[in-house]
Peer 1: 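Below is one structure. I have some questions about it.
Predicted, not measured: the structure shown is a model, and the values here were computed from it. One-based numbering, in listed order, for ligands and for the atoms of each.
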Amino acid sequence: MRPFLAKEFVHLYGSGDREVRSFFAPGRANLIGEHIDYNGGLVMPAAVTLGITAACRLRSDYLIRLRSSDDPLAVEIDLDRPIEPDPARGWGNYPAGVLRELLLQGVDLRGIDILFTTTLPQGAGLSSSAAMEVLTAFSFLALAEAPTSDLRAIALLCQKAENQFVGVNCGIMDQFAVAFGKEDCALLLDCESQDYHYVPVALGEHALIIMNTSRPRRLADSKYNERRTECNAVLRLLGTDAPRNGLVHAPWSDVLSHVSDPVLRRRARHVISEQVRVEQAARVLVTGDLAAFGRLLTESHTSLRDDYEVTGPHLDAIVSAALQAPGCLGARMTGAGFGGCAIALVEQAEIPDFTVSVRSGYLAATGLEPAFYVTHAADGAHETTGEG
Ligand code: ADP
Ligand code: MG
């Protein structure tokens, strides 16, 4: 465990006889396959090197005390009382929802003191919420001496907590990516069947750069619902020709013959073409053709900008600055859109010039200071006790 974390833990909770253990859960970046999970499509997220660490220690009673170095609100949960959502609990509702699910599943939880610390920006589309949930589940299971190997069960439990306790109607991608992440691999995931396999993301002389627009995703929720409604409208227009397993499976010729509305056509074109790009991306990653992968990233952004219209000026500005900067093979928004983060594939030797160039282009276009994180595909949630 990192020394400062151990020190802060003892400062907050005092020293004690029991061992302080530590766990880590990463954030995730969806490499490609955006806005197609709810259309029966494949997504390709990767866990990243940024994430949340938890230091925790068993107590001798049934009190859970939670602190975060990122939020001054201290949270206490008494395991002897029913756990219900509570706005006054703030960020603590994410772990609380997971605790309730663990209890419902019969996990024998005891009191724990826990301190979270993070390198992951919150609300920026890198799924700090899923990282917090999976980390909570993983840490509490481990301290209860329950198995942590059923990652699918952990991901589903966390998704349920976010849906039902926090009240965010997210799909399974985020929790799945955080739990199943693997060094130098992305997950090719069918969100419907939850079938997945790993695709190698061997970046060699390149790096994945996460570019934070520093712009919160304001419109994302309402536009998300609007796009879902539009995709359903396309399915209705396809009538008996509508594929049962989602719009991504509709032949483009059927869309042309059944859908005359130009906006709905463009929505469908994004959905159908994005699925093809995901499949192509998986193939070129297997062969190590990073130039082709970069082109697919950029094509995905163009489609999300022009056909699906979920990018917004900030993501467009940062992607456009990235594509003009040295060493960039491709770039796209990641997440729901309208703010948050974009990713770029960049030659390692050019990273300093790349970031200087993107910063000045983006700052000039928007007046906002972006942030950059150099990363690569990384492991999912795991214990870090004993690591330096
Ligand atoms: P995203 O998942 O894209 O980061 P969300 O809005 O879904 O954005 O989740 C962000 C929320 O998760 C924060 O507002 C906070 O409540 C909680 N959270 C995430 N990381 C931390 C942390 N390190 N400490 C406290 N709360 C956190
Ligand atoms: Mg989230």
Peer 1: Against heavy atoms of Thr118, which atoms of ligand 1 measure under 4.0 Å?
Peer 2: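 Once the distances to Thr118 are compared, the set is 23 (N).
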Peer 1: Taking everything shown except Glu192 itself, do over 12 heavy atoms lie less than 6.0 Å from its CD?
Peer 2: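 No, not enclosed.
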Peer 1: Side chains of Arg215 and Thr366 only: does a donor on one sit below 3.5 Å from an acceptor on the other?
Peer 2: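 Arg215 vs Thr366: no donor-acceptor pair found between side chains.
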Peer 1: Regarding Arg283 and Thr287, is there a side-chain donor-to-acceptor distance under 3.5 Å anywhere?
Peer 2: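 Thr287 and Arg283 do not have a side-chain donor-acceptor pair below 3.5 Å.
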Peer 1: Report the part of Ile52 (side chain from C-beta onward, or backbone N, CA, C, O) that has a heavy atom under 4.0 Å from ligand 1; answer both or neither where that applies.
Peer 2: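 Ile52 to ligand 1: side-chain contact only, backbone stays beyond 4.0 Å.
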Peer 1: Answer with yes or no whether the side chains of Thr53 and Thr117 bring together a donor and an acceptor at under 3.5 Å.
Peer 2: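 No - no donor-acceptor pair under 3.5 Å links their side chains.
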Peer 1: Can you tell me if an N/O/S atom from Ser129 lies under 2.8 Å from the Mg ion (ligand 2)?
Peer 2: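 Under 2.8 Å: Ser129 contacts the Mg ion (ligand 2) through an N, O or S atom.
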Peer 1: Is a side-chain donor-acceptor pair under 3.5 Å present for Ser300 with Arg332?
Peer 2: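 The answer is yes; a qualifying pair exists.
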Peer 1: For atom 6 (O) of ligand 1, what is the nearest protein heavy atom, given as residue, atom name and distance?
Peer 2: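 Answer for atom 6 (O) of ligand 1: Arg217 NH2, 3.6 Å.
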Peer 1: Taking the side chain as C-beta and beyond, is there a heavy-atom pair between Thr213 and Met333 under 4.5 Å?
Peer 2: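 No, their side chains stay 4.5 Å or more apart.
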Peer 1: Below 4.0 angstrom from a heavy atom of Ser68, which ligand 1 atoms are there? Numbered from 1 as shown, please.
Peer 2: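 Reading through ligand 1 atom by atom, the close ones are 22 (C), 23 (N), 24 (N), 25 (C).
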Peer 1: Identify the protein heavy atom lying closest to atom 9 (O) of ligand 1, giving its residue, its atom name and the separation to 0.1 Å.
Peer 2: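 Going atom by atom, the protein heavy atom closest to atom 9 (O) of ligand 1 ends up being Ser129 CB, 3.3 Å.
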Peer 1: So, is Ser128 polar-close to ligand 1, with some N/O to N/O distance under 3.5 Å?
Peer 2: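 Between Ser128 and ligand 1, an N or O pair is found under 3.5 Å apart.
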Peer 1: Indicate yes or no: does Asp306 engage Arg266 in a salt bridge with an N to O separation below 4.0 Å.
Peer 2: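 No.
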Peer 1: Just checking, is any N or O donor in the side chain of Glu279 or Gln275 under 3.5 Å from an acceptor N or O on the other one?
Peer 2: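 Present: a donor and an acceptor within the cut-off.
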Peer 1: Number the atoms of ligand 1 from 1 as they appear, then name those within less than 4.0 Å of a heavy atom of Trp91, with their elements.
Peer 2: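 Listed by number with element, the hits are 15 (C), 16 (O), 25 (C), 26 (N).
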Peer 1: Around atom 3 (O) of ligand 1, find the nearest protein heavy atom and jot down its residue, atom name and distance.
Peer 2: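 For this ligand atom, the closest protein heavy atom is Gly125 N, 3.1 Å.
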Peer 1: Hey, which atoms in ligand 1 end up nearer than 4.0 Å to a heavy atom of Met132?
Peer 2: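 Atoms satisfying the 4.0 Å criterion: 21 (C), 22 (C), 24 (N), 25 (C), 26 (N), 27 (C).
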Peer 1: Just going by heavy-atom distances, which of Gln122, Arg28, Arg67 is nearest to atom 13 (C) of ligand 1?
Peer 2: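 It is Gln122 whose heavy atom sits nearest to atom 13 (C) of ligand 1.
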Peer 1: What part of Phe116 sits under 4.0 Å from ligand 1 if we count only heavy atoms: the side chain, the backbone, both or neither?
Peer 2: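 Under 4.0 Å from ligand 1, Phe116 contributes no heavy atoms.
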